[in-house]
Amino acid sequence: MGAFFAMHDPNTVQDSPNEAASTDVVIIGAGPVGLFAVFECGMLKLHCHVVDALDAIGGQCVALYPEKPIFDIPGYPRIEAANLIGQLAEQAAPFHPAYHLGQQVVRLTRTSDGFTVETSKGTVINCRAVIIAGGSGAFGPNRPPLDGLERYENKSVFYLVKRRQDFAGKRIVIAGGGDSAVDWAVSLAEIAAHVMVVHRRDKFRAAPESVRRMRELTAAGKIEMVVPYQLSGLEGPDGQLTGVRVETLDGVERVLDADILLPFFGLAMELGPIADWGLDLAGGHITVDPATAATSLPGVFAIGDIAAYPGKLKLILTGFAEAAIAAHSAFAVARPGEALHFEYSTSKGVPADAGAPS
Ligand SMILES: Cc1cc2nc3c(=O)[nH]c(=O)nc-3n(C[C@H](O)[C@H](O)[C@H](O)COP(=O)(O)OP(=O)(O)OC[C@H]3O[C@@H](n4cnc5c(N)ncnc54)[C@H](O)[C@@H]3O)c2cc1C
């Protein structure tokens, strides 16, 4: 995903934990709706910083279905989700948004003239207004409930494969029954010393062709199927695995000799810290006034999947319209007393000084 981002936009910021940045608007969430909000704010000469917990822009489109075609984006009879994000990044680029990726917004504090936003990596941004485009919340891997798991994480337990070659010659346990588990079992079988696939049943929810290939490699002795088993424990000193304990529902135990565990149990989406900021919520969503995108906290707006109001349709196109509304509302907060004359983009074009941070 990092490579995807690099292809589409160069404005990632190297965060300096000691210096606070200042901007007009902080957008929380770099999904399709957050990205379009950068454009809409930019057209009103509002500069934006965008924060996302993922290490790539694109939200659900890139994290969950990058290659699926979308058919209900106005003007595109068909567009692959990742390409839509590429187009949105291009549309936002003239406004030079600063992207802070791989960090969750953990704190929102009101100041005398706006807000301070703080992230899990210590980035601090002062702003006049906040637009929350957080979708269903921050994404993170579903972590298996194993004692002492955190000691092994990022040493010998990984939730994604960043560099395939790092796993060459290793004894690898892959846990899960979806596309990631099956695809990586097939791919790593070529370079690993041994690949074991732990799944609670002998049915896989993955592309049939990939499952067929995995079974072929199993028959050839390149992959070992450990079914029907579930993870039950980890063994090894100082975060370095030597074995992965598994057991059946009937309590039959095995220890698999292993150097690496790759649990692929999908992504969890949680509202996370947003739930603690005093916003009015309804069923895990932020209640807004659809006429303004205003939340119950003055100066904080919410758009896209996370925003709720009667009749809300959770569609990308709905979020785009909400982004335009929120940008106009944020203008009134960021530029108090300045008149805003409604203009079509055909009349004003993309402002020549687009992107000059305020
Ligand atoms: C398989 C699938 C197919 C779909 N097909 C269609 C379709 O055909 N048409 C359509 O219109 N819609 C479709 N959707 C729905 C569409 O993807 C969503 O409506 C859209 O992604 C919502 O965009 P968003 O920007 O509001 O939120 P998201 O795309 O969910 O992005 C939100 C981002 O906010 C980040 N975030 C949340 N909280 C924080 C925080 N505290 N700090 C930092 N970052 C945070 C998250 O990490 C995430 O990246 C589909 C969805 C799925 C899963």
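First listed ligand is number 1; within each ligand, the first listed atom is number 1. What you see below is based on every heavy atom in this structure, not just the backbone, and it leaves out hydrogens, waters and symmetry mates.
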Side chain or backbone of A133 under 4.0 Å from ligand 1, or both, or neither, by non-hydrogen atoms? backbone
Any idea which part of I274 is under 4.0 Å from ligand 1, heavy-atom wise: side chain, backbone, both or neither? side chain
How far is [atom] from its nearest protein heavy atom, and which residue and atom is that?
| atom | answer |
| --- | --- |
| atom 26 (O) of ligand 1 | D305 N, 3.0 Å |
| atom 43 (C) of ligand 1 | A53 N, 3.3 Å |
| atom 34 (O) of ligand 1 | G29 CA, 3.2 Å |
| atom 38 (N) of ligand 1 | A138 N, 3.3 Å |
| atom 6 (C) of ligand 1 | Y65 OH, 3.8 Å |
| atom 9 (N) of ligand 1 | D72 OD1, 2.9 Å |

Find all atoms of ligand 1 within a distance of less than 4.0 Å from any non-hydrogen atom belonging to [X], and give their numbers and elements.
| X | result |
| --- | --- |
| G304 | 26 (O) |
| I70 | 7 (C), 8 (O), 9 (N) |
| I28 | 39 (C), 40 (C), 42 (N) |
| G31 | 25 (O), 29 (O), 31 (O) |

Which option, V62, I316, V33, L313, owns the non-hydrogen atom nearest atom 20 (C) of ligand 1? I316
Could you check whether the rings of H199 and F204 sit parallel, tilted or perpendicular, using 30° and 60° as the cut-offs? tilted
Under a 3.5 Å distance rule, please check whether T318 uses its side chain to pair with a backbone N or O of K314 as donor and acceptor. no
Between S296 (side chain) and D280 (backbone), is there a donor-acceptor pair under 3.5 Å? yes
Who are the side chain to side chain contact (heavy atoms under 4.5 Å, CB included) partners of R107, not counting sequence neighbours? T109, E118
